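Below is one structure, written out as structure tokens, with a few remarks after it.
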Amino acid sequence: MDTDMFDDRSPIYRQIAEQIEADVLRGALGADDQVMSTTKYAAFHRINPATVAKAFQQLVDDGLLYKRRGVGMFVSPDAPETLRERRRKTFFTDVVDPMVAQARTLRIPAGELIDRITELSTGEEQP
């Protein structure tokens, strides 16, 4: 197995799916782009083709990839927006809510949080 590519935190098929999702979100894979075949992906990473097939099927089931019979797998046209919407829904509960709770515990004022977020978002230091 390509040890640099995968870790023990979750099943390999899920990590493959997450990597493809990340490629879609950052634009490395665009709408209707073909993804590497199951066989090539498995050979490249030295993993079981069934594991790759499971990841690809998960992405198909999620509407992020589609199959062209005899040709291969492709990124669905609406995959980037589908992923963004899905992740937006969990962003606040998974990231912002715990951050705000921790800030309250540390007695960091809301204005200081907002200034820091603005600074990081724009790349400009706030006064």
Side-chain angles (χ1 to χ4, degrees):
M1 179 183 354
D2 185 343
T3 56
D4 293 336
M5 191 72 173
F6 306 108
D7 58 38
D8 293 334
R9 67 181 169 77
S10 65
I12 291 174
Y13 83 91
R14 190 63 225 144
Q15 292 180 61
I16 292 167
E18 288 170 358
Q19 289 164 1
I20 292 171
E21 289 174 1
D23 286 346
V24 169
L25 281 172
R26 71 173 204 278
L29 284 172
D32 298 311
D33 281 354
Q34 186 170 11
V35 297
M36 193 182 303
S37 74
T38 302
T39 305
K40 283 184 182 177
Y41 199 100
F44 182 80
H45 294 291
R46 297 187 304 268
I47 57 176
N48 189 320
T51 301
V52 179
K54 185 173 182 177
F56 284 9
Q57 187 58 53
Q58 178 72 53
L59 293 166
V60 169
D61 293 346
D62 290 347
L64 303 174
L65 296 182
Y66 66 92
K67 299 175 191 180
R68 283 191 194 158
R69 191 175 196 162
V71 180
M73 296 280 197
F74 295 82
V75 177
S76 297
D78 59 345
E81 189 54 34
T82 298
L83 283 167
R84 280 197 237 8
E85 267 310 305
R86 186 187 316 151
R87 291 189 182 187
R88 278 184 193 119
K89 289 178 183 179
T90 61
F91 177 75
F92 287 97
T93 55
D94 292 353
V95 177
V96 176
D97 295 353
M99 177 189 67
V100 170
Q102 181 68 18
R104 266 194 212 129
T105 300
L106 298 172
R107 295 190 175 122
I108 297 172
E112 192 174 328
L113 278 179
I114 291 167
D115 288 347
R116 180 66 174 156
I117 291 168
T118 302
E119 179 182 319
L120 292 172
S121 296
T122 64
E124 298 175 8
E125 196 168 325
Q126 298 299 305

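On a predicted model such as this, the values are computed, not experimentally measured, just so you know.
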Hey, does Leu64 have a side-chain heavy atom less than 4.5 Å from the side chain of Val75?
no

Among Asn48, Thr51, Val52, find the one that has a side chain to side chain contact (heavy atoms under 4.5 Å, CB included) with Tyr13.
Thr51

By side-chain hydrogen bond (donor to acceptor under 3.5 Å, both in side chains), which residues pair with Asp62, not counting sequence neighbours?
Gln58

Sorted by chain and residue number, the side-chain hydrogen bond (donor to acceptor under 3.5 Å, both in side chains) partners of Gln57 (sequence neighbours excluded) come out as Asp61, Lys67

When rounded to the nearest 0.5 Å, the distance separating CG of Leu120 from CD1 of Ile117 is 8.0 Å

Taking side chain to side chain contact (heavy atoms under 4.5 Å, CB included) as the definition, give me every residue that meets it alongside Leu106, ordered by chain and number, with sequence neighbours left out.
Gln102, Ile108

Taking distance alone, no hydrogens or angles, what donor-acceptor pairs closer than 3.5 Å link side-chain atoms of residues 93-101 to residues at least two apart or in another chain?
residue: Thr93; atom: OG1; partner: Thr90; partner atom: O; Å: 3.2

Consider only side-chain heavy atoms of I, L, V, M, F, W and Y, link residues closer than 4.5 Å, and tell whether Phe74 and Leu83 are in one cluster.
no

Is there any ring-ring contact (aromatic ring centres under 6.0 Å, His included) pair reaching into residues 78-105, and which pairs are they, with sequence neighbours excluded?
none

Using side-chain hydrogen bond (donor to acceptor under 3.5 Å, both in side chains) as the criterion, list what pairs up with Arg9, not counting sequence neighbours.
Asp7, Glu18

State the OG1-CG distance between Thr118 and Leu113, to the nearest 0.5 angstrom.
10.5 Å

Residue list, side chain to side chain contact (heavy atoms under 4.5 Å, CB included) with Arg69, at least two apart or on another chain:
none

In short, salt bridge (Lys or Arg N to Asp or Glu O under 4.0 Å) pairs touching residues 73-91 with sequence neighbours left out are Glu21-Arg86, Glu21-Arg87, Glu81-Arg88, Glu85-Arg88

Under 3.5 Å, sequence neighbours excluded: what are the donor-acceptor pairs made by side chains of residues 27-44?
residue: Asp32; atom: OD1; partner: Tyr66; partner atom: OH; Å: 2.6
residue: Asp33; atom: OD2; partner: Gly30; partner atom: N; Å: 2.6
residue: Gln34; atom: NE2; partner: Val71; partner atom: O; Å: 3.0
residue: Ser37; atom: OG; partner: Lys40; partner atom: N; Å: 3.0
residue: Tyr41; atom: OH; partner: Gln19; partner atom: OE1; Å: 3.1

Looking at Ala17 and Ala55, what are the two nearest heavy atoms and their distance?
N-CB, 4.1 Å

Phe56 with Ile47, same ILVMFWY side-chain cluster at under 4.5 Å:
yes

